[in-house]
Protein chains: 2
Amino acid sequence: MSSIYQVAEMAGVSVATVSRVINERGYVSEKTRLKVQEAINILHYTPNQAAQSLTTSSTKLIGLLVPDINNPVFLEQSKGINDYLKDKGYILMYAESGEDDEEMSNMVRRFLSNRVDGMILCSRDFTQFGDMDAIIEPALKNNVHVVLNGYVDSKFEIDRVGFDNVRGAYLATEHLLKMGHSSIALIAGTDSTISEERYRGYREAHIDNHVSLNPALVVKGDFRQHSGYEAMLKILQMNPRPTAVFAMNDVMAIGAMMALEDHKVSVPDEIAVAGFDDIIWCSLIRPRLTSVVQPKYEIGKKLAEFLLSRMNDSYSGPGRHEIFGSRLAVRQSTVKSEQQ
Amino acid sequence: MSSIYQVAEMAGVSVATVSRVINERGYVSEKTRLKVQEAINILHYTPNQAAQSLTTSSTKLIGLLVPDINNPVFLEQSKGINDYLKDKGYILMYAESGEDDEEMSNMVRRFLSNRVDGMILCSRDFTQFGDMDAIIEPALKNNVHVVLNGYVDSKFEIDRVGFDNVRGAYLATEHLLKMGHSSIALIAGTDSTISEERYRGYREAHIDNHVSLNPALVVKGDFRQHSGYEAMLKILQMNPRPTAVFAMNDVMAIGAMMALEDHKVSVPDEIAVAGFDDIIWCSLIRPRLTSVVQPKYEIGKKLAEFLLSRMNDSYSGPGRHEIFGSRLAVRQSTVKSEQQ
DNA sequence: TTGAAAGCGATACCAC
DNA sequence: GTGGTATCGCTTTCAA
């Protein structure tokens, strides 16, 4: 593979000049520029990224850490990130934390060792990392910018983009209450900030609508499909049986619906189901799943935007914090046919 | 970020020695090894990939090109690839060709400019690239190994892993014929090798079962969901109306099922539907979709395995060609309740 | 068993 | 405008 030296030789100039035309920096006469350009074409020359990285200490790599690759939420979000970054020449390095705090630290270290230019960390709960700042600090110190999806206290000026989980859960719960349900089971996720927030919405909707809260209706899952299935099994045992279920995310809601199907319980007639995230599966499953719409793609884009603006120094002020709003997509899983 | 020099200095040895302990190559006394190791730990040192790449001319990057990121088939396949490669320190660079031949060439070039160590190219039809060898050659010449998912003639010794599309389509068609359908519409994909093969299976099943083939029953789609929807609309207009539909992939089959739902045509009672690929959506949708099972994850793994064995020279013989076999997953979309 | 030094391919400062 | 050259962080002979 040809190097800058061969281009220089062929064009009869120095490597410095070739470098200038490649990077469109500094003065180069039109005539030499053409000569160099031609040599580049003939040799099919493309700069060696590794060599460039070494001198510029920029790799054009972005680390992206997500909790669960199998959850379509993160896929969608990644698309937003990737679409924004790829034209700018950045490439993504994917990693999965599996919601495990040790794994998270490992991956961040690995990003650092790969000398990523920046990283985007997504977590359902940053507080679990005890001292998140300790993880972030080495990155920031080495001029590796970090943006977070989710919330965490930090002494650093760090950008975050989040989603109004409280409001989202509120909307879903309120909707169920308005549909006449007064006993709404909750399939919760793992202990985490996100679960707390979604629980708060569930709780506040009850309070505002003067419906008493029953702790016995809360069943814990782990945000994955199977746990939704299991949780629903427990809910079916309850006496009296709830007439509605709100799951803290869609994949659990779908697991729950499968359990209902297996037990021949009709949705929404016997039990109404609502989820959270509005993943593509909501429209695939029958009945279609009512869900809180999270603008995943836009969140991804915003994360990328924040990061890029930090990396190219077009912004260097205090930590920004963007919260995307919620909306509920009402579908068949919560609306009885006679109510439609 | 600390460099090898700082480690060397701290440990009181030369950089060469540090390099030896990092790479576990050459002789190092246990005593010095320990000293160096300690310095590494204290400094949280990790080798700079870019610098390593520059000397070793290996980037630990693998280029992966897929036709359509939105199709779960490729997601699943990528997982197989990634799982196999990540422990070995390789990272994937994803690119999407959108089934566009120009884009494909671009991406391959970009891989080259990023000096990937190897690349995995997936396409539904390599023949469209006119001279595929012209694309592969620069890669191979620069010691960048290439493996293909799919078939193409090549003068190079190149590894490929494929799937028995003819057999798969045969199984699905045969199943529909056996279920008593004699008029089976076909939703085809874009003109491509894969479409041809799947058509051949459809055709052969008809011949072997002495059912005449009707070209009017073939409607062309583009492998994407919407085209399946549109195709089904056309099929519904046919007179007489077919009693079964075989779509060349699942996302089109699902699009077709949505059209049927919108027009209140019951599946499988009025029209039976079968797809191809066995993506996760098949079990989500109701009725569950009968589909040809393609071992996507295993195919991905095999691709990675082939590539790795070439890269580390553990294999350098003639081009290998592995074809995975088919099996049909029969589900509700093709079996009437009274037949179950 | 260890160290000195050349070289990988680019960038950027300093002369001219 | 253009060229010479130190430098980035590492690997790898070659000597010692």
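Below, chain A is the first sequence line, B the second, and so on; all start at residue 1.
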Examine [N]: is either OP1 or OP2 under 4.0 Å from a nitrogen or oxygen in the side chain of [X]? Give yes or no.
| X | N | answer |
| --- | --- | --- |
| Ser53(B) | dC8(C) | no |
| Tyr45(A) | dA10(C) | yes |
| Asn23(B) | dT11(D) | yes |
| Thr17(A) | dT2(D) | no |
| Gln52(B) | dG9(D) | no |
| Thr32(A) | dT2(D) | yes |

Can you tell me which nucleotide in [options] comes closest to the side chain of [X]?
| X | options | answer |
| --- | --- | --- |
| Ile4(B) | dG3(C), dC10(D), dA10(C) | dC10(D) |
| Val15(A) | dA10(C), dC8(D), dT11(C) | dT11(C) |
| Asn48(A) | dC10(D), dT11(C), dG9(C) | dG9(C) |
| Ser14(B) | dG3(C), dG1(D), dG9(C) | dG3(C) |
| Ala16(A) | dG3(D), dT1(C), dG1(D) | dG3(D) |
| Thr55(B) | dG3(D), dT11(C), dT11(D) | dT11(D) |

What heavy-atom pair brings [X] and [Y] nearest, and what distance separates the two atoms?
| X | Y | result |
| --- | --- | --- |
| Val144(A) | Gly118(A) | CG1-CA, 3.9 Å |
| Met107(B) | Ala95(B) | SD-CB, 3.5 Å |
| Arg124(A) | Asp68(A) | NH2-CB, 4.5 Å |

Residues Arg310(B) and Asp159(B) bridged, charged N to O under 4.0 Å
yes
Decide, yes or no, whether a salt bridge links Glu305(B) with Lys302(B) under the criterion of side-chain N to carboxylate O below 4.0 Å.
yes
Short heteroatom pairs, N/O only, protein and nucleotides 14-16 of chain D, under 3.5 Å:
none

Heavy atoms under 4.0 Å, any strand shown: does Val13(B) hit a base, just sugar-phosphate, or nothing?
sugar-phosphate
Mind checking Ser3(B) for me? I need base, sugar-phosphate or nothing, with any heavy atom below 4.0 Å counting as a touch.
sugar-phosphate
Whichever of Leu54(A) and Val28(A) has its nearest DNA chain D nucleotide further upstream toward 5':
Val28(A)
Specify the separation, in whole Å, of atom [atom1] of [X] and atom [atom2] of [N].
| X | N | atom1 | atom2 | value |
| --- | --- | --- | --- | --- |
| Gln6(A) | dG9(C) | CD | P | 8 Å |
| Lys60(B) | dG9(D) | NZ | C1' | 18 Å |
| Gln49(A) | dG9(D) | CD | P | 17 Å |
| Tyr27(A) | dT2(D) | OH | C1' | 14 Å |
| Leu43(A) | dG9(C) | CG | P | 13 Å |
| Arg25(B) | dT2(C) | CZ | P | 17 Å |

For this output row, return yes or no: ring centroids of Tyr84(B) and Tyr90(B) closer than 6.0 angstrom.
no
List the steps and the verdict of salt bridge (Lys or Arg N to Asp or Glu O under 4.0 Å) for Glu30(B) and Arg33(B).
CA-CA 5 Å; Glu30(B) 187 59 14; Arg33(B) 209 183 58 70; 3.0 Å; yes
When Arg33(B) and Arg115(B) are each assigned the nearest nucleotide of DNA chain C, the 5'-most assignment goes to Arg33(B)
Could you pick out which residue, Glu30(B) or Tyr5(B), lies toward the 5' side of DNA chain C when each is mapped onto its nearest nucleotide?
Glu30(B)
Without swapping roles, check the side chain of Asn114(A) against the backbone of Val116(A) for a donor-acceptor pair under 3.5 Å.
no
